[in-house]
Amino acid sequence: MSRFHEPQHPDFHRLNASIGFDRRLWPQDVAQSRAHARMLGDRGILSGPDTDALLAGLDAVEAELSEDRFAFAPDDEDIHMAIERRLTEIAGPVGGRLHTARSRNDQVVTDLAMYTRERAAETQTAIVVLMAVLLERAEEHLDWPMPGYTHLQRAQPVYLGHHLLAYFWMLARDRSRFAFAERECGRLPLGAGALAGVNFDTDRSQVAHALDFSEVLPNSIDAVSGRDFILDYLGAAATCSTHLSRLGAELVLWSSTEFGFCELPDAWSSGSSIMPQKKNPDAAELLRAKAPRVVGHLAAFHGVLHALPLTYNKDLQEDKEHLFDVVDTLELTLAAATGMIAGVSFDRARMSDAAADEMIAATDVADLLVRLGMPFREAHGVVAGLVRTAVDSGKTLSELTQQELQVNSGLLAAHRSEFEQVLARSSWLESKVSEGGTSLERVREQVELARTALHEGARA
Ligand code: ARG
């Protein structure tokens with residue numbers, strides 16, 4: 001029987017059905033149905049034979065799904081109805097007893113909490129793998145000088161190891177955000193029924209224990225309405241993909257002929273359909289371009305939840321495509337970043353030549369004046385004058401005559417040999433001795449911290 005006289009409009013059916021995308025929740029749906037049926041049996045809400053029949057039927061349905069021979073029917077609106085329909089075909093009318101003391105409202109959010117928890121754990125593993133590769137490559141290139149940039153203008157030299165480790169730390173924080181998201185999925189919604197609880201004396205703690213939730217959500221209204229654990233995952237993903245986009249952008253720049261700092265592995269590059277000489281950094285470009293898509297899903301799902309009255313509304317079905325696309329996109333881009341960083345080769349000579357541009361030691365010359373007693377702001381002006389003299393006369397700083405030095409600063413002219421020492425290449429890097437700076441000793445210290453952080457990551 002149905003309360004309706006007319007069938008659904010085909011376009012409404014298409015609009016309403018989620019089976020096209022929520023079928024990936026079948027493992028979670030089967031697992032929770034099993035735990036639910038066992039609990040109903042243990043509480044005497046279902047008879048022993050009925051419980052056994054349901055469990056056997058669920059095994060059969062699971063086998064069809066996992067072997068990819070489950071026949072979806074045109075009327076299956078979502079994965080929950082499809083599984084119940086098939087269970088009833090296999091086990092007979094007892095299949096209809098599975099939904100005792102359960103609503104699709106608490107069912108769907110439970111599946112999602114299980115799914116999101118699993119993906120949040122997997123994402124942490126993928127991040128730790130990328131962190132390990134970054135650390136390894138940083139150690140290999142610990143003392144390779146390169147220019148550091150601000151405004152994409154050569155600013156101060158740094159070691160490549162130091163630059164690579166910057167990404168390591170971004171990812172370490174991303175990992176913590178996913179660990180938080182994983183914990184937020186740890187409270188069981190099931191048992192809330194449609195919204196108010198159910199008319200049976202169920203044991204939610206038993207179900208929580210069986211499904212590895214640490215506790216039950218204490219409010220049935222919150223349980224069926226809440227999707228903030230999805231926002232937490234999406235938020236972590238948005239930040240992580242934004243980090244990957246910055247890595248991608250640098251790989252695109254660095255692999256250009258203009259920079260010539262690195263060559264990307266063939267396995268992560270494409271050719272051109274017309275220009276035979278081209279090796280295009282498509283994967284790095286896509287790291288750059290996928291981030292706004294992830295951020296877009298986060299913003300869109302905030303929009304879905306915004307001002308949404310409690311409790312369940314069909315709007316909530318929109319959580320899935322945003323979540324699933326983010327999971328797929330992030331997992332793929334993390335794999336691409338890992339592959340590119342593992343295989344990229346750097347050009348030591350190109351990088352150190354670019355870092356040998358004396359102009360990037362201007363701050364160091366100013367600091368020499370500071371050590372000789374001049375206030376920094378004044379020293380900044382003196383060196384700016386020196387740079388202008390050099391640029392105007394087409395010379396490097398060390399090529400300036402004693403006379404030209406004297407015009408800009410008598411103090412500097414009197415300390416010509418210290419001035420020349422400051423301009424000797426390695427000193428620009430090795431003078432950055434402050435904690436977290438680029439001097440080799442500090443970078444080595446950082447490598448140790450990174451090793452510790454990595455192991456913490458692997459344990460979590
Ligand atoms: N397919 C639905 C969703 O994804 C399942 C819950 C349906 N609940 C309902 N009251 N119509 O949200």
Side-chain angles (χ1 to χ4, degrees), residues 1-4 6-33 35-36 61 65 70 72-88 95-96 98-119 185 187-199 207 211 217 219-231 233-234 297 300-328:
M1 268 300 269
S2 157
R3 81 181 292 292
F4 298 98
E6 279 185 277
Q8 280 186 355
H9 190 286
D11 288 343
F12 171 61
H13 183 76
R14 284 200 300 139
L15 176 67
N16 197 40
S18 52
I19 189 71
F21 46 85
D22 69 10
R23 60 179 71 187
R24 74 164 75 184
L25 294 174
W26 72 259
Q28 290 77 19
D29 208 64
V30 170
Q32 77 148 284
S33 290
H36 181 66
V61 172
L65 282 159
F70 184 99
F72 287 95
D75 276 350
D76 291 339
E77 183 184 307
D78 56 28
I79 188 64
H80 325 291
M81 312 260 288
I83 289 178
E84 189 181 311
R85 188 236 343 127
R86 187 66 189 131
L87 176 67
T88 307
L98 178 62
H99 216 50
T100 310
R102 185 172 73 169
S103 155
R104 268 190 300 160
N105 297 352
D106 58 348
Q107 182 178 1
V108 69
V109 66
T110 301
D111 285 354
L112 279 165
M114 293 167 71
Y115 174 84
T116 308
R117 184 180 63 185
E118 182 189 301
R119 293 341 292 168
C185 298
R187 294 175 212 98
L188 177 77
L190 201 69
L195 76 157
V198 297
N199 299 326
V207 177
L211 297 176
L217 279 166
N219 182 307
S220 63
I221 293 175
D222 178 42
V224 293
S225 314
R227 294 293 186 279
D228 39 302
F229 65 89
I230 296 183
L231 289 179
Y233 179 91
L234 296 179
H297 284 303
F301 191 51
H302 266 289
V304 171
L305 289 181
H306 172 79
L308 190 67
L310 307 183
T311 58
Y312 180 83
N313 301 272
K314 195 63 181 236
D315 309 50
L316 291 176
Q317 180 167 283
E318 281 292 301
D319 53 8
K320 285 167 214 61
E321 283 172 291
H322 294 303
L323 175 64
F324 297 162
D325 189 64
V326 166
V327 165
D328 295 345

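On a predicted model such as this, the values are computed, not experimentally measured, just so you know. We count ligands from 1, going down the list as the structure has it; atoms in each ligand are counted the same way. Computed from heavy atoms alone, side chains included, the values below leave out hydrogens, waters and symmetry copies.
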What does the contact table look like for ligand 1 (nitrogen or oxygen on each side, cut-off under 3.5 Å)?
from     : atom 1 : to   : atom 2 : distance (Å)
ligand 1 : 1 (N)  : S18  : OG     : 3.1
ligand 1 : 1 (N)  : D78  : OD2    : 3.0
ligand 1 : 1 (N)  : Q317 : OE1    : 2.8
ligand 1 : 4 (O)  : K320 : NZ     : 2.6
ligand 1 : 8 (N)  : N105 : OD1    : 3.0
ligand 1 : 10 (N) : N105 : OD1    : 3.0
ligand 1 : 12 (O) : Y312 : OH     : 2.5

Quick one: does S33's side chain get under 4.5 Å of E84's, heavy atoms only? no
Hey, is the main chain of S18 close enough, under 3.5 Å, to the side chain of D78 for a donor-acceptor pair? no
With a 4.5 Å cut-off on side-chain heavy atoms, are L308 and L316 touching? yes
Assess R227 against F301: is NZ or CZ under 6.0 Å from the centre of the six-membered ring, and within 45 degrees of the ring's axis? no
Kindly give the heavy-atom pair with the smallest separation between V224 and A192, and that separation in Å. CG1-CB, 4.0 Å
Taking the six-membered ring of F72 as reference, does the NZ or CZ atom of R23 fall below 6.0 Å from its centre and within a 45° cone about the axis? yes
